[in-house]
Amino acid sequence: MVDFGLRLLSCATLRLARPLHALLLVSGRFDDVILSTKLLNLYSRLGDLPSAALTFRHAPTKSVIAWNSMIACYVRHGLLPDALACFHRLLLTSSARPDRFTFPVTIKACWDLDRGKRIHSLAFRFGFVWNVFVSASLVHMYSRLGSIDDARKAFEEMPYKDQGSWNAMLSGLCQNAKAAEAAEVFEEMMTLGLPMGKVTVSSILPACAPLNSLLLGVAIHVYCIKHGLDSDLFVSNAFIDMYAKSGRLEEAQKVFDGMADMDLVTWNSIISGYEQAGEVSSALKLFEGMKESGVRPDRLTLVSLASAVGQCGDDRTGRTVHGYILRRGWDSRDTVVGNAIVDMYGKLSKAEAAREAFDRMPVKDVISWNTLITSYSQNGLAKEAIEIYESMQSREGIAPIQGTLASVLPACAHVGALQQGMKIHGRAVRTGLQSDVFVATCLVDMYAKCGRLEEATHLFEQVPRRHTGPWNAIIAGLGVHGHGQRALSLFSEMQEEGVKPDQVTFVSLLSACSHAGLVDHGRRCFEQMQTVHGLSPSAKHYACMVDMLGRAGRLDAAYELIATMPVKPDSAVWGALLGACRIHGNVELGKLASSHLFEIDAENVGFYVLLSNMYAKAGEWDGVDEVRSLARHRRLQKTPGWSSVEVNKKVNVFFTGGQSHPRYEEIQGELRALLAKMKSIGYVPDYSFVLQDVEEDEKEHILSSHSERLAIAFGIMSTSPGTPIRIYKNLRVCGDCHNATKFISKITEREIVVRDSNRFHHFRDGGCSCGLTLQLRDSSSSDMEDKKQIMQLKLKTRVSIQEEQIASPLV
DNA sequence: TTAGGGTTAG
């Protein structure tokens, strides 16, 4: 006589299971409720859902154990609705009664809170909630579905808690970002003298990094080594993750190196650790190791990989990775992976490729939109970024979150889209996001950069002041408006309130001092930054210092600083020196700065223009020719000048000489009318700013086609009288436009604010009271000399050069 | 004869 029970229990493969199944049927023993249930369990254990379901259907009598196994089998296959349907059939059609085993598995099948609560009340009605397995399952389910309060309640109501219940509570808290509470629960567990198992360890470890408590992590590590828990795979994985997130990559690597076997999670944790720390090449190397070891990458691996490639900035690797992801079956419905690809292209400065990847995604969530907005915004396509935000608004089911506003507000700030920014501010108020420190900081920055310093200050005063962000934003804002003293006094206030300044604070502060010509204050800040605040200056800080000393004419001191700086000077540092050399006419030092710049940043036309300008000012025409031919040789083209003005919440962009605006003719008419009035009260066009060697009336037209004029004219004709006009220009405003704008502000009785690549110009009633007045006066004092030189330049080269712009295409 | 609780995420 065959002992079917024993053989069913010990059967390990499907190949052995099938003959047993047949034997049961022919011998008539299948009718035995215990044996048919054992067969079902066997199929369920071996993961053969169809056979399990068939066995279940044909079993003449169904014990509650059979029902339980069937439900469990569905859950194991992720068929949650089938599992719940099976449970309901058990309730409604079977004479069997659910038991304490039924509920844990059914609770596991609940995929939303409503269902979970219904099953919870059924478990209560059947009297099983007091079972420790059932209640621990409830704790787990509520945590999984994000209802941490219900989880805590279920946990606290448990009359008896075993280690599993504590573990469920710990991991639930960790997964719902309640690290502090998790640590409290853990402490309570230790106080009660409960033992720590490997599950406990891997549940509590994720709380260490968010709590900044490396000490706790290390203590647990020591405990694990002592009790032999450290060889467990789950435990090791949790340690890698904990160390990596605490910034201890060496420790993470040590754990990784000591592991006997590794799984997908191991590789993902270490790769993402290196990627998050910015050690991109190590992350990519580990990915190769992972492939060699035969572990198949999953979506999380791909997310880390894409992010690593985005950081390394190498678009060839980017394309390779994208190709790899496509080949290895990137599920196009996987929104997280899709978002990572969009982000990768954005970081590689490939806004178009980002857009394509975005368009290909069938399911887009709010993160997809945020990522695309950021991709455009960070690649200088601010207008497009705002348009994407607008089209996002019309999508159903997609509501802006913190990250959305934090990506679109800088775009508004960049093009000076004040009305759009204000609309977004309104939205932030309605959704309560304006009290978010990050959003508030962006709002302060936006108002300051859009020329509304009062609003920025007002908003700053309402923001909680513990964080450094808002302080940095307002200090920078005061800086670009030329209010160096106010920036300094705010900095003192910041220290009095105990807010710790960071690297960014000092960049804002130093540039504020630089713009206002406060050299001594700037120097003191630069010293304090190192001695008092223990911050080592970066290339950015040195660039500010060089700019400050250079503007003040202390070129030797500026050069001295560069020669002795401990970090490698970048293009911003040398660029600041070159700019100062141009102002003060130091050709020799300028040549030196350029030689460095042409090595570090050979593609930047601005530097060629600056150098050529400087040669022209000094009358060194050979130098001018040399620079021009160098630029031509490198196939560089001038940066097109453009200005933007916002009318009716829409950003209008005008390119210098551009005729593509639909109301171009009207704009020209407006400009002609203005010009006549300007001339009648004493405006004389300054043709020295015209670059082409053409007839006088043509010159007049060229000046009138500068992008800022087009934008101003459009602003005047499209808004009601008295409305201030705000312009953003990507390059610096030319001297003639600066003068003309004074006249326009007088004639039209408008306040005109022009923000250029350097700072703000406030025009009102025929004057300009901006921070730059001083500098402009400086350059206009030598106006006559400039004009003479430019005339000479024209004679020699037939084309002259304007600040930051080369007249005709270089190629 | 059946059961719960564990690590990685844009």
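So that the names make sense, note that chain A is the first sequence line, chain B the second, and so on, each numbered from 1.
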**Request:** Remember a base hit wins even if backbone is also touched, and classify A/Asp162 as base, sugar-phosphate or nothing at under 4.0 Å, heavy atoms.
**Result:** base
**Message:** What is the distance, to the nearest angstrom, from the CZ atom on A/Phe155 to the P atom on B/dG4?
**Reply:** 19 Å
**Message:** So for A/Asn131 and B/dG4, does any side-chain atom that can act as donor or acceptor lie under 3.5 Å from a complementary atom in the base?
**Reply:** no
**Asked** Can you find a heavy atom in the side chain of A/Arg296 that is under 4.5 Å from one in the side chain of A/Leu264?
**Response** no
**Request:** Consider the side chain of A/Asn167, meaning its heavy atoms from C-beta on, and name the nucleotide among B/dG5, B/dG10, B/dG6 that approaches it most closely.
**Result:** B/dG5
**Prompt:** Contact class for A/Ser165 vs. all strands (heavy atom < 4.0 Å): base, sugar-phosphate, or nothing?
**Reply:** base
**Request:** Just call it for A/Lys161: base, sugar-phosphate, or nothing, with non-hydrogen atoms closer than 4.0 Å on any strand.
**Result:** nothing
**Prompt:** Are A/Asn41 and A/Ser44 close enough that a side-chain donor and a side-chain acceptor fall under 3.5 Å?
**Reply:** no
**Proximity to the side chain of A/Pro104 - top-ranked nucleotide from B/dG10, B/dA9, B/dG4** = B/dG4
**Request:** Could you check which of B/dT7, B/dG4, B/dT1 has an atom nearest any side-chain atom of A/Phe133?
**Result:** B/dG4
**Item:** Any A/Ser269 side-chain N or O less than 4.0 Å from OP1/OP2 of B/dT7
**Value:** no
**Request:** Return the value, rounded to whole Å, for the distance between atom CG of A/Asp263 and atom C1' of B/dT8.
**Result:** 10 Å
**Item:** A/Asn370-A/Asn339 side chain donor-acceptor pair, cut-off 3.5 Å
**Value:** no
**A/Glu187 atom CD: more than 12 heavy-atom contacts under 6.0 Å** = no
**Message:** By the 4.0 Å heavy-atom rule, please label A/Gln175 as base, sugar-phosphate, or nothing.
**Reply:** sugar-phosphate
**Item:** Parallel, tilted or perpendicular: rings of A/Phe103 and A/Phe126 (30°, 60°)
**Value:** tilted
**Spacing of A/Ile367 atom CD1 relative to B/dG10 atom P, expressed in whole Å** = 9 Å
**Prompt:** Looking at B/dT1, B/dA9, B/dG6, which one has an atom nearest to any side-chain atom of A/Leu300?
**Reply:** B/dA9
**Asked** Roughly, in whole Å, what's the span from CG in A/Asn176 to C1' in B/dA9?
**Response** 15 Å
**Complete:** Looking only at B/dG10, B/dG6, B/dT2, the nucleotide nearest the A/Phe234 side chain is B/dG6
**Message:** Please classify the nucleic acid contact of A/Ser203 as base, sugar-phosphate, or nothing, using heavy-atom distances under 4.0 Å.
**Reply:** sugar-phosphate
**Message:** Distance check needed: B/dA3 C1' versus A/Phe103 CZ, whole Å only.
**Reply:** 13 Å
**Asked** Which nucleotide, B/dG4, B/dT8, B/dT2, lies nearest any side-chain atom of A/Pro206?
**Response** B/dT8
**Touch class at under 4.0 angstrom, heavy-atom based, for A/Asp232 against every strand present** = base
**Asked** For the side chain of A/Asp365, counting heavy atoms from C-beta on, which of B/dA9, B/dT1, B/dG10 is nearest?
**Response** B/dG10
**Message:** Under a 3.5 Å distance rule, please check whether A/Asn176 uses its side chain to pair with a backbone N or O of A/Lys178 as donor and acceptor.
**Reply:** no
**Request:** Check whether the aromatic ring of A/Phe101 stacks on the base of B/dA3, taking stacking as ring centres less than 5.5 Å apart and planes within 30° of each other.
**Result:** no
**Fill in**
Against the side chain of A/Val199, the closest entry in B/dT1, B/dT8, B/dG6 is B/dG6
**Message:** B/dG5, OP1 or OP2 - any side-chain N/O from A/His140 closer than 4.0 Å?
**Reply:** yes
**Message:** Counting only side-chain nitrogens and oxygens, does A/Lys108 get under 4.0 Å of the OP1 or OP2 atom of B/dA3?
**Reply:** no
**Prompt:** Heavy atoms under 4.0 Å, any strand shown: does A/Val303 hit a base, just sugar-phosphate, or nothing?
**Reply:** sugar-phosphate
